[in-house]
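Quick notes on the structure that follows.
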Amino acid sequence: EKKIDGCTRCKLCQGRTTIVFGSGDPNADLMVIGEAPGAEEDVQGKPFVGRAGQLLTRMLQSVGWSRDEVYISNIVKCRPPGNRNPEPDEIASCEPFLLGQLGAIQPKVILALGNFAAQTLLKTKEPIGKLRGRVHPSGSIVLVPTFHPAFLLRNPGPEYRRLAWEDLKLARREYDRLRSRDSGPT
Ligand code: URA
């Protein structure tokens, strides 16, 4: 986290108020990855503290996770102007920090929120509707994609929420399975 202090690697530094590195337990077995900080996050310096963040908190709670026991971050750590999508050069500039976080935290499960996080992490152009609903193993980690809570707020019907809940339950099952595997009798 110290390494990102005062970062000027990309143009997002010009408009940001604070760098939103991440929050939660640095020893967590679940890492939640969103897109980029929004207005509220930019002011508070913490990820997912606005309306989408409140929904994320409830989504995590629905399968028994508190925010404190997981680690939450984003693909890019500074707010894009007007909440536009991060651009390829910005993602590339920020990637070493994300890789550093993954290396330090060593999660067992990654919950990727929305098209942007899922496509960036899986290096694919497939839409979230096609990627979600199953696990994507990568080495000893599994990635579980689901809808972004901001998308669920924009599309409040029960159908997307039901699918998101299925994904959360899948992530929870994988998390429990991998934890019991790693702590089981030797
Ligand atoms: N949306 C994101 O993708 N990340 C945040 O931190 C807040 C909203």
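Order of listing sets the numbers, starting from 1, for every ligand and every atom in it.
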Considering only protein heavy atoms, which is closest to [atom], and at what distance to one decimal place?
| atom | value |
| --- | --- |
| atom 5 (C) of ligand 1 | A36 O, 3.4 Å |
| atom 8 (C) of ligand 1 | F48 CE2, 3.8 Å |
| atom 4 (N) of ligand 1 | N74 OD1, 2.8 Å |

Counting the benzene-type ring for Trp, do H148 and Y160 have ring centres under 6.0 Å apart?
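For H148 and Y160, the ring centres are not under 6.0 Å apart.
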
Considering the heavy atoms of [X], write down every atom of ligand 1 situated less than 4.0 Å from one of them.
| X | answer |
| --- | --- |
| P47 | 6 (O) |
| G34 | 3 (O) |
| H148 | 1 (N), 2 (C), 3 (O) |

Can you tell me which portion of A117 lies within the under-4.0 Å heavy-atom range of ligand 1? Options are side chain, backbone, both, or neither.
neither

Between E87 and K11, does any NZ, NE, NH1 or NH2 come within less than 4.0 Å of an OD or OE carboxylate oxygen?
yes

One thing to verify: whether E90 and R84 come together as a salt bridge, which I'm taking to mean a side-chain N less than 4.0 angstrom from a carboxylate O.
yes

Is the shortest N/O to N/O distance between E41 and ligand 1 below 3.5 Å?
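Not met; the criterion fails.
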
Which residue in the set L12, T18, I19 passes side-chain contact (heavy atoms from CB on, under 4.5 Å) when paired with R16?
I19

N74 side chain vs E35 backbone, donor-acceptor pair below 3.5 Å
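Flag set: sc N74 to bb E35 pair under 3.5 Å.
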
If you count heavy atoms of other groups shown closer than 6.0 angstrom to CZ of R177, is the number above 12?
yes

